[in-house]
Amino acid sequence: MRLTETADLWWKNAVVYCVDVETFQDGNGDGVGDFPGLTQRIDHLVRLGVTCLWLMPFHPTRERDDGYDITDYYAVDPRLGTLGDFTEFVRTARDRGLRVIADLVVNHTSDHHPWFRDACSGRDARLRDWYVWCDTPPQDGPQGVTFPDAEQSLWQYHEPTGQYYFHRFYKEQPDLNITNPEVRDEIARITGFWMQLGLSGFRVDAVPFLLETAGQVDADDLPDPHAYLADLRSFLGRRNGEAVLLGEVNLPYEDTLRFFGDPASGGDELTMCFDFIGMQRMYLSLARQQAAPLADALRERPQPPRDAHWATFVRNHDELTLDKLSKSERDEVFTAFGPEADMQLYGRGLRRRLPPMVGGDRRRIELAYSLLFTLPGTPVLFYGEEIGMGENLAADGRLAVRTPMQWAPGPTGGFSEADPARYPRPLTRGAFGPEHVNVRDQAHDPHSLLARMRSFVQGYREAPELAWGRCEVLDTGDPAVLAHLSSTGDGAVLVLHNFADRPVTATAAGAPDGPLTDVLTGAAVDRAAGAPRVELPPYGYRWLRVGEP
């Protein structure tokens, strides 16, 4: 494919890297990561091949929910730097060819936000209707506590005004009333402000909850929430034609598809949606050493509108949710990758990173990330995945995977010059601590995981069929092997993955005729007449271009 045909839709073959500013690099020696520190580490991401940085929340916060309880949407948390530091970071990223997006967390605020403090001043307060209030929690309202270890209800009684306010997450995070036109206008101003400072879009937090109207007394009379999402997308497009909305929508495929918007327009709501179903089925395939769960997800996954795309991931910054698996399937994954109670969270997910899950087995780690870069969708990496970081189960809940980045061996991991006791969270220790897993040791080692991840990124960027092509799952004759063909009018790439701990010889029935070339090495591959027969070692994989290289 010609680059000029793909450049406008940059997100379709981007490599997105999620970074938590406070745990990435300390630039001033106070023990907390910040924008000056992040700026000095940008070249590591450039060498990796990242094209878009996703920033987790960096606004002022009460730290009830690791930055997702925001007290000021127009500022930078003083611990992380200043607006000047932020703009210098964005300028430097742009200089290196990296776009930047950030979390948009507007389904709730902190209970210390000035808007909520005003709303709590009385029933006739100016901003009272910026939040969701009721005299008695409705029986037909929203159901399901998000954090069952900390909350018993979605409604919190506010004694001074004698009403309950709604909170989908913690009670310290009251939900905004998104149906209020004033709230919508304010959200537009927030997004416009940060785009003016250089952002190329947003990762939208908890999208289904953002559009939730159940529980409001006039819910039946309210406008379609999806119309608001389309309005927000349109606003972003007017302000910045390249801007994207990457949505966190953990719903069944048929429900998620609605959030892309109108197919006739190419998609007028979210630009991308995370593929939670595919991620969870991938772990089930890894646990069973069988391709069928993931293959079924690929067959079931609907085609998004023309200009929209799925986003794929191995894990994100939250618990590794398995909520779309059946209980028996979830138990299989728990048994394989997190059998201890402290490895699990909320009965629905794992608070672990992949390398410790598989006992540091390099073959299985590479298998998972080969899948990430070859399955149809935009790959999203969580910081530290490129070097195989582990978790620290001593940290609370989801924070187990949000440990400081490991840049060098030693007691500080190269994260800061300060005493580690001052770090936002403790470093990982043991076999996956900085002494054994760090950037410095891997940077110039051609056999390191970091080197392999760089080759994955390079191969992905050099094979546009993987991002743009039509994906077809092929029969392989072996239940352990997944084969899929990504093809455009200009070419095709055949990819095979062996989920088993045994060598296999797999066929790829239905693959087109033509010579085969290994995408990752450039070497020609012998091919006899008929369906390709490919030998794969235990947990092995091959990326093969079909036709002239």
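We use all heavy atoms of the structure for the numbers below, so side chains are in, but hydrogens, waters and symmetry mates are not.
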How many angstroms lie between CG in L286 and CG in L367, if you round to the nearest 0.5 Å? 6.0 Å
Hey, are Y68 and D103 close enough side-chain-wise for a donor-acceptor pair under 3.5 Å? yes
If only side-chain N and O atoms count, and only distance matters, is there a donor-acceptor pair under 3.5 Å linking H309 with T271? no
Between P532 and L494, is any pair of side-chain heavy atoms under 4.5 Å apart? yes
Should we count CZ of R258 as having more than 12 external heavy atoms under 6.0 Å? no
Would you confirm whether the ring centroid of F276 sits within less than 6.0 angstrom of the ring centroid of F313? yes
So, for Q290 and F499, which heavy atoms are closest and what is the spacing to 0.1 Å? N-CB, 3.9 Å
Kindly give the heavy-atom pair with the smallest separation between M279 and T321, and that separation in Å. CE-O, 3.5 Å
So do Y383 and L53 actually touch side chain to side chain, heavy atoms under 4.5 Å? no
Regarding N316 and E248, do their side chains bring together a donor and an acceptor under 3.5 Å, going by distance alone? no
Between F58 and F35 (judged by ring centroids, cut-off 6.0 Å), do the two rings come close enough to count as a pair? yes
Measuring only between side-chain heavy atoms, which start at C-beta, is D20 closer than 4.5 Å to R425? yes
I want to check something: taking the side chain as every heavy atom from C-beta on, are Q40 and I42 in contact at a cut-off of under 4.5 Å? no
Just checking, is any N or O donor in the side chain of E472 or H484 under 3.5 Å from an acceptor N or O on the other one? no
Is there a side-chain contact between H497 and Y539 in this structure, where contact means two heavy atoms from C-beta onward sitting under 4.5 Å apart? no
Do Y253 and E300 pair up side chain to side chain, a donor and an acceptor below 3.5 Å, judged on atom types alone? no
For L381 and L372, which heavy atoms make the closest approach, and how far apart are they? CD2-CD2, 3.8 Å
Measure from the ring center of H317 to the ring center of W54 and say whether it is less than 6.0 Å. yes
Quick one: sort the W543 and F456 rings into parallel, tilted or perpendicular, breaks at 30° and 60°. parallel
Quick check for you: to the nearest 0.5 Å, what is the distance between M56 atom CE and R402 atom CZ? 4.0 Å
What is the minimum heavy-atom distance between P304 and L257, and which atoms define it? CA-CD1, 4.2 Å
Distance alone, cut at 3.5 Å: any donor-acceptor contact between the side chains of E386 and Y17? yes
Distance-only polar pair, side chains of T488 and E465, donor-acceptor under 3.5 Å: no
